Amino acid sequence: MLMETVKLSRIVMKLTPDMYPCLKSSELDIDIVLKYGLEALEAEDALDIVKYSISEYSKGALLH
């Protein structure tokens, strides 16, 4: 199994670059662990990852 840790910015730039300007730099800097690596992702996967990451990031921001 090829696990890979990448920044959300790398996923966005590779699969959904039109979303890049819509995200905050702090969101783009989130580390994402990919079970099968970046090459196995598709655009739909990237959208799901972005949604989930922002949701989780926002939860953490509310707790501070």
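Just so you know, residue 1 is the first one in the sequence shown, and it goes up from there. Keep in mind the model is a prediction, meaning the values are calculated, not measured.
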Chemist: Just by distance, do the side chain of E27 and the backbone of K24 share a donor-acceptor pair under 3.5 Å?
Modeler: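 Here the side-chain-to-backbone pair exists.
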Chemist: Locate the shortest heavy-atom distance separating I32 from S53; write the atom from each residue and the value.
Modeler: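 Reported closest heavy-atom pair: CD1-OG, 3.2 Å.
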Chemist: Could you tabulate the donor-acceptor pairs under 3.5 Å formed by side-chain atoms of residues 42-52, not counting sequence neighbours?
Modeler:
| unit_1 | atom_1 | unit_2 | atom_2 | d |
| --- | --- | --- | --- | --- |
| D45 | OD2 | E42 | N | 2.9 |

Chemist: M3 and L34: side chain to side chain contact (heavy atoms under 4.5 Å, CB included), yes or no, with the steps?
Modeler: CA-CA 6 Å; M3 292 184 74; L34 301 171; over 6 Å; no
Chemist: Tell me the closest heavy-atom pair linking K7 and L28, and the distance in Å.
Modeler: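 Here K7 and L28 meet closest at CB-O, 3.8 Å.
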Chemist: Working to the nearest 0.5 angstrom, can you tell me the gap between Y20 OH and L8 CG?
Modeler: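 One finds 9.5 Å between OH of Y20 and CG of L8.
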Chemist: Step by step, work out the side chain to side chain contact (heavy atoms under 4.5 Å, CB included) result for L2 and Y36.
Modeler: CA-CA 5 Å; L2 170 71; Y36 299 109; over 6 Å; no
Chemist: Is there a side chain to side chain contact (heavy atoms under 4.5 Å, CB included) between D29 and S9? Walk through the geometry before answering.
Modeler: CA-CA 6 Å; D29 198 42; S9 60; over 6 Å; no
Chemist: So, are E4 and R10 salt-bridged, with charged N and O less than 4.0 Å apart?
Modeler: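 Salt bridge flag = yes for R10 with E4.
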Chemist: Look up atom CG in L41 and atom OG1 in T16, then write down how far apart they are to the nearest 0.5 Å.
Modeler: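 L41 CG to T16 OG1: 10.0 Å, rounded to 0.5 Å.
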